[in-house]
Chemist: 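Below are the structure tokens for one structure; questions will follow.
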Amino acid sequence: MTSTKSTAISLRVNGETHSLTVDNRTTLLDALRERLDLIGTKKGCDQGQCGACTVLLDGRRVNSCLQLAVAAEGREVTTVEGVADGERLHPVQQAFLDLDGYQCGYCTSGQICSAVAVIEELAREWPSAATEDVRRPPEVSEEEIRERMSGNLCRCGAYVNIVRAVTQAAKNEQVTA
């Protein structure tokens with residue numbers, strides 16, 4: 001019989017450092033929800049296929065159900081609870097509210113975290129599979145947004161409004177940048 005190994009780790013989540021001892025098999029999702037009570041990140045398929053558990057790890061989106069908590073040590077984790085600036089909503093959050101980018105809300109936290117990363121990718125001029133000419137910066141378009149958000153599923157089918165919300169937030173970010 002093998003014994004379960006645990007490791008003491010330090011997670012930096014939403015700007016705060018947390019010391020935890022976790023089973024080495026604990027996912028980042030489970031550490032966030034069960035140990036840190038950050039329940040905005042949702043457990044959907046638990047197989048990395050739906051995107052409900054999307055968080056930002058050093059600014060890049062990851063499926064937290066596939067990321068081990070021990071592998072996130074020393075990195076910056078941002079959950080949906082951490083994207084706002086105090087009481088001021090992130091432009092993506094505001095656009096989701098303004099344009100009804102949610103229905104049941106279950107996928108919304110993952111959609112928002114993914115959208116924040118999408119806008120950063122566009123700002124950094126990273127191409128996607130939808131970018132027509134990779135020699136030029138990608139434009140904010142429905143095609144780009146749909147391609148980049150394709151890892152986040154919405155069982156209610158709110159895609160039209162999600163795309164509108166991400167597009168609006170991305171264009172507002174371009175104006176303010």
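Values below: all heavy atoms of this structure, side chains included; hydrogens, waters and symmetry mates excluded.
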Chemist: Are Val83 and Ile145 linked, directly or through intermediate hydrophobic residues, by side-chain heavy-atom contacts shorter than 4.5 Å (ILVMFWY only)?
Modeler: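 Yes; Val83 is reachable from Ile145 via cluster members.
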Chemist: Check the surroundings of atom CD1 in Ile39: do more than 12 heavy atoms from other residues, nucleotides or ligands lie under 6.0 Å from it?
Modeler: no
Chemist: So which atom in Ala117 and which in Gly59 form the shortest heavy-atom distance, rounded to 0.1 Å?
Modeler: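 Looking at all heavy atoms of both residues, the closest pair is CB-O, 4.1 Å.
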Chemist: To the nearest 0.5 Å, how far apart are CG in Leu153 and OH in Tyr106?
Modeler: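 So the CG of Leu153 and the OH of Tyr106 are separated by 13.0 Å.
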Chemist: I need the single residue from Glu121, Glu142, Glu143 that forms a salt bridge (Lys or Arg N to Asp or Glu O under 4.0 Å) with Arg148. Which is it?
Modeler: Glu121
Chemist: Atom CD in Glu139, atom CD in Glu132: separation rounded to 0.5 Å?
Modeler: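 Atom-to-atom, Glu139:CD and Glu132:CD are 8.0 Å apart.
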Chemist: Heavy atoms, side chains only, cut-off 4.5 Å: are Asp30 and Arg35 in contact?
Modeler: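 They are not in side-chain contact.
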Chemist: For the residue pair Ala165 and Ala95, what are the closest heavy atoms and their distance?
Modeler: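 Answer, listing the atom of Ala165 first, then Ala95: O-CB, 3.3 Å.
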Chemist: Sequence neighbours excluded, which residues qualify as salt bridge (Lys or Arg N to Asp or Glu O under 4.0 Å) partners of Arg155?
Modeler: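 For Arg155, no residue satisfies salt bridge (Lys or Arg N to Asp or Glu O under 4.0 Å) once neighbours in sequence are set aside.
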Chemist: With side chains defined as the heavy atoms from C-beta onward, is the minimum distance between Lys5 and Asp23 less than 4.5 Å?
Modeler: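 Side-chain contact under 4.5 Å: no.
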Chemist: Indicate yes or no: at least one non-hydrogen side-chain atom of Phe96 is less than 4.5 angstrom from one of Val166.
Modeler: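 They are in contact (side-chain heavy atoms under 4.5 Å apart), so the answer is yes.
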Chemist: Kindly indicate, with the supporting measurements, whether the criterion side-chain contact (heavy atoms from CB on, under 4.5 Å) is fulfilled by Arg88 and Gln94.
Modeler: CA-CA 9 Å; Arg88 194 172 130 247; Gln94 190 61 57; over 6 Å; no
Chemist: Would you check if the side chain of Ser141 reaches a backbone N or O of Glu144 as a donor-acceptor pair within less than 3.5 Å?
Modeler: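 Answer holds: yes.
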Chemist: Considering non-hydrogen atoms only, spot the tightest contact between Asn14 and Glu76 and give its length.
Modeler: N-OE2, 3.7 Å
Chemist: Evaluate the side-chain proximity of Ser10 to Glu73: yes if any heavy-atom separation is below 4.5 Å, no if none is.
Modeler: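 They are in side-chain contact.
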Chemist: Do Val163 and Met149 come within less than 4.5 Å of each other through their side chains, counting heavy atoms only?
Modeler: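 Side chain of Val163 against side chain of Met149, heavy atoms only: no contact under 4.5 Å found.
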Chemist: Please identify which of these residues, Thr27, Thr54, Leu29, Asn152, meets the side-chain contact (heavy atoms from CB on, under 4.5 Å) condition with Asn63.
Modeler: Thr54
Chemist: Decide yes or no on salt bridge (Lys or Arg N to Asp or Glu O under 4.0 Å) for Glu16 and Arg12, but give the supporting numbers first.
Modeler: CA-CA 5 Å; Glu16 290 185 34; Arg12 185 141 177 87; over 6 Å; no
Chemist: Distance from Thr167 atom OG1 to Asn161 atom CG, nearest 0.5 Å?
Modeler: 11.0 Å
Chemist: Quick check: closest heavy atoms across Ala72 and Gln67, and the distance to 0.1 Å?
Modeler: N-NE2, 4.0 Å
Chemist: Quick one about Ser6 and Asn24 (side-chain donor to acceptor, distance below 3.5 Å, no hydrogens or angles considered), yes or no?
Modeler: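 Note: Asn24 and Ser6 side chains miss the donor-acceptor criterion.
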Chemist: Please give me the minimum heavy-atom distance between Tyr159 and Cys154, naming the atom from each residue.
Modeler: OH-N, 2.8 Å
Chemist: Taking side chain as C-beta onward, heavy atoms only, is Asp85 less than 4.5 Å from His90?
Modeler: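 No; the side chains remain at least 4.5 Å from each other.
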Chemist: To the nearest 0.5 Å, tell me how far Cys50 SG sits from Lys43 NZ.
Modeler: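 That separation rounds to 11.0 Å.
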Chemist: For Arg75, give me all partners under salt bridge (Lys or Arg N to Asp or Glu O under 4.0 Å), at least two apart in sequence or on another chain.
Modeler: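 Testing Arg75 for salt bridge (Lys or Arg N to Asp or Glu O under 4.0 Å), a comparison that skips the adjacent residues, returns Asp58.
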Chemist: Where do Gly40 and Ser109 come nearest, in terms of heavy atoms and distance?
Modeler: O-OG, 2.6 Å
Chemist: Output yes when Asp100 and Arg164 qualify as a salt bridge under the 4.0 Å nitrogen-oxygen rule, no when they do not.
Modeler: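 The answer is no: the pair does not qualify as a salt bridge.
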Chemist: Please write out which residues are connected to Leu36 in a hydrophobic cluster, directly or through intermediates, given that two of Ile, Leu, Val, Met, Phe, Trp, Tyr count as joined at side-chain heavy-atom separations below 4.5 angstrom.
Modeler: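 In the cluster with Leu36 are Ile9, Leu11, Val13, Leu20, Val22, Leu28, Leu32, Leu38, Val55, Leu57, Val62, Leu68, Val70, Val77.
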Chemist: Compute whether any side-chain donor of one residue and acceptor of the other, for Thr79 and Glu81, lie under 3.5 angstrom apart.
Modeler: yes
Chemist: Are Arg61 and Val118 packed together at the side-chain level, in the sense that at least one heavy-atom pair is separated by less than 4.5 angstrom?
Modeler: yes
Chemist: Would you call Gln93 and Val80 a side-chain contact if the rule is heavy atoms closer than 4.5 Å?
Modeler: yes
Chemist: For Cys53, is there any backbone N or O sitting under 3.5 Å from a side-chain donor or acceptor partner on Thr41?
Modeler: no
